[in-house]
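Below is one structure, written out as structure tokens; the observations come after it.
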Amino acid sequence: RGCIAKDGQCFNNLGVSIGFVNREDSIAGSSEEEYLGCIKEQLSGDEVCVEDAMDEISATFNLGRSTLLDYSGSTIGEVMRDGQIQSSMGSTLGHFEPFSFSEMRLYLLYLVLIDPGMLSRREYAAK
């Protein structure tokens, strides 16, 4: 479906840049370098939030259960130990490889802000 290069550039399956993710600052941007959003750490609990460019919560991720919830709290996906992304109905949506749980925030930026179509199996490219 696509890839995240070591420098954070994100490409679709045709090699076209669709955005970038910044590991150090936990932010994402479009291929035109427009700010798309960031990861916000929660002060308590084991959840992190993905906020869009308007500082609104787009999704939350439970680090303990590896579940991704939309802004209304509905489960939209789960990340398995091998990097497989499953929908709330159990179907496979994609796979991150190589997979490392320590890179979860990077994967969340990609899933929610760069290529949200991966969660619904729709084609999409960040603008």
Side-chain angles (χ1 to χ4, degrees):
R1 176 155 184 118
C3 72
I4 304 170
K6 289 190 186 293
D7 68 356
Q9 264 315 108
C10 301
F11 299 92
N12 66 15
N13 61 347
L14 299 174
V16 175
S17 175
I18 58 173
F20 70 90
V21 289
N22 182 304
R23 283 178 172 86
E24 291 79 32
D25 298 327
S26 295
I27 63 169
S30 71
S31 56
E32 291 82 28
E33 299 188 14
E34 295 171 357
Y35 177 75
L36 295 177
C38 66
I39 296 284
K40 291 286 186 179
E41 301 291 332
Q42 294 291 35
L43 297 176
S44 63
D46 58 355
E47 289 187 344
V48 295
C49 297
V50 180
E51 289 186 354
D52 64 18
M54 303 300 291
D55 296 329
E56 294 179 0
I57 295 174
S58 297
T60 59
F61 186 77
N62 184 298
L63 295 165
R65 293 183 291 186
S66 296
T67 53
L68 183 62
L69 310 171
D70 67 12
Y71 62 91
S72 68
S74 298
T75 301
I76 54 175
E78 183 175 356
V79 180
M80 310 309 283
R81 280 187 245 169
D82 64 355
Q84 180 179 321
I85 311 301
Q86 286 190 345
S87 74
S88 60
M89 304 298 279
S91 62
T92 300
L93 300 174
H95 197 191
F96 286 106
E97 49 182 62
F99 177 76
S100 170
F101 195 76
S102 65
E103 295 281 16
M104 186 56 65
R105 288 159 182 81
L106 179 82
Y107 306 144
L108 293 173
L109 290 169
Y110 181 85
L111 284 171
V112 177
L113 299 173
I114 301 294
D115 187 9
M118 186 171 176
L119 294 170
S120 62
R121 291 189 172 186
R122 292 192 178 123
E123 292 303 315
Y124 174 81
K127 295 179 181 164

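The first residue in the sequence is number 1, and the count goes up from there.
Contacts classified as salt bridge (charged side-chain N to carboxylate O under 4.0 Å, His left out) and involving residues 98-112 (residues at least two apart or in different chains) are given here: Arg23-Glu103, Glu41-Arg105. Annotation: salt bridge (charged side-chain N to carboxylate O under 4.0 Å, His left out) contacts involving residues 49-63, sequence neighbours excluded, are absent.
With sequence neighbours excluded, the residues forming a ring pair (Phe, Tyr, Trp, His ring centres under 6.0 Å) with Tyr107 are Phe96, Phe99, listed by chain and number. Checked against side chain to side chain contact (heavy atoms under 4.5 Å, CB included), Ser74 has the following partners two or more places apart in sequence or in another chain: Asp70, Ser72. Under the side-chain hydrogen bond (donor to acceptor under 3.5 Å, both in side chains) criterion, Arg65 pairs with no residue at all, not counting sequence neighbours. With sequence neighbours excluded, the residues forming a side chain to side chain contact (heavy atoms under 4.5 Å, CB included) with Asn22 are Glu24, Asp25, Ile27, listed by chain and number. Taking the side chain to side chain contact (heavy atoms under 4.5 Å, CB included) definition, one finds that Thr75 meets it with Leu69, Ser88, sequence neighbours left out. Not counting sequence neighbours, the partners of Ala53 by the side chain to side chain contact (heavy atoms under 4.5 Å, CB included) test are Tyr35. In terms of the side-chain hydrogen bond (donor to acceptor under 3.5 Å, both in side chains) criterion, Glu33 has no residue partners (sequence neighbours excluded).
Taking CG from Asn62 and CD from Gln42, the interatomic distance works out to 10.5 Å, rounded to the nearest 0.5 Å. Distance CG/Leu93 to OG/Ser87: 5.0 Å, rounded to 0.5 Å.
Placement of Phe20 and Leu108 in two distinct hydrophobic clusters is found when ILVMFWY residues are connected by side-chain heavy-atom separations under 4.5 Å, directly or transitively. Transitive grouping of hydrophobic side chains (ILVMFWY, heavy atoms separated by less than 4.5 Å) brings Met104 and Val50 into a common cluster.
Surrounding CZ of Phe101 are more than 12 heavy atoms belonging to other residues, nucleotides or ligands, all under 6.0 Å away.
Contact of the Ile18 side chain with the Ser31 side chain is not registered, since no non-hydrogen atoms from C-beta on lie closer than 4.5 Å. Residues Phe11 and Ser17 have side chains in contact (heavy-atom distance under 4.5 Å, counting atoms from C-beta outward).
Annotation for Val16: hydrophobic cluster partners, listed by chain and number, are Leu14 (ILVMFWY side-chain heavy atoms under 4.5 Å, direct or chained).
Nearest heavy-atom pair, Leu68 versus Ala59, reported as atom, atom and distance to 0.1 Å: CD1-CB, 3.9 Å. Residues Leu109 and Ser26 come closest through the heavy atom pair CD1-C, 3.6 Å.
Looking at Val112, Leu113, Ile114, Leu106 one by one, the single match for side chain to side chain contact (heavy atoms under 4.5 Å, CB included) with Tyr110 turns out to be Ile114.
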Identify all side-chain donor-acceptor contacts of residues 78-85 below 3.5 Å with residues at least two apart in sequence or on another chain.
unit_1 : atom_1 : unit_2 : atom_2 : d
Asp82  : OD1    : Gln84  : N      : 3.0
Gln84  : NE2    : Thr92  : OG1    : 2.9

